[in-house]
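Reviewing the structure listed below.
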Amino acid sequence: MNKHIELVKKWLDDKESVTREELEANANAAFAACVAAAYDTAYYYAYYAAYFAADYVSEAKYWIKRYEELTK
C-alpha cells in the first residue's frame with residue numbers, strides 16, 4: 001500500500017491522529033512522488049487523496065477508492 005494513502009486513511013479514521021501540517025506535508029510529498037513516477041496513475045490517485053484530505057473528505061475517499069481499485 002502507498003504510504004500517502006495510508007496516512008489519509010489514518011486521518012479519516014481519526015481526525016485527531018494527524019495534524020493539518022502532516023496532511024499538507026503528505027500532499028506535497030505525494031505530488032513529488034507523482035512527478036517522479038511520471039504521473040503514474042496510482043501515484044496520481046494517491047496525490048489527489050492526500051491533496052483533498054484536509055478539506056474535502058468525500059473527495060479524499062473517492063481517490064482512495066480509485067487507488068484501491070487500481071492496485072487490487
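Just so it is clear, the values below take in all heavy atoms, side chains as well, and ignore hydrogens, waters and symmetry mates.
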Under 3.5 Å, which donor-acceptor pairs do the side chains of residues 51-63 form with other protein atoms, sequence neighbours left out?
from, atom 1, to, atom 2, distance (Å)
D55, OD1, R20, NH1, 2.9
D55, OD1, R20, NH2, 3.4
D55, OD2, R20, NH2, 3.2
Y62, OH, R66, NH1, 2.8

inquiry  = Does anything in residues 26-36 form a salt bridge (Lys or Arg N to Asp or Glu O under 4.0 Å)? List the pairs, not counting sequence neighbours.
reply    = none

task = Kindly give the heavy-atom pair with the smallest separation between T71 and A42, and that separation in Å.
result = CG2-CB, 4.2 Å

query = Please, which pairs that meet salt bridge (Lys or Arg N to Asp or Glu O under 4.0 Å) have at least one residue in residues 34-53, sequence neighbours excluded?
reply = none

note = Tightest non-hydrogen contact, residues I5 and A49, listed as CD1-CB, 3.8 Å

Sidechain-backbone polar pair: E22 side chain, T19 backbone, donor-acceptor under 3.5 Å = yes

task = Not counting sequence neighbours, list each pair that qualifies as a side chain to side chain donor-acceptor pair (under 3.5 Å) and has a residue in residues 2-12.
result = H4-N26, K9-E68

key: With sequence neighbours excluded, residues passing side-chain contact (heavy atoms from CB on, under 4.5 Å) with F31   = V35, Y39, Y47

message = Under the rule for side-chain contact (heavy atoms from CB on, under 4.5 Å), what residues qualify as partners of A32, not counting sequence neighbours?
response = none

key: Partner set under side-chain contact (heavy atoms from CB on, under 4.5 Å) for N28, not counting sequence neighbours   = none

inquiry  = I need the L7 CG to L23 CG distance, nearest 0.5 Å.
reply    = 6.0 Å

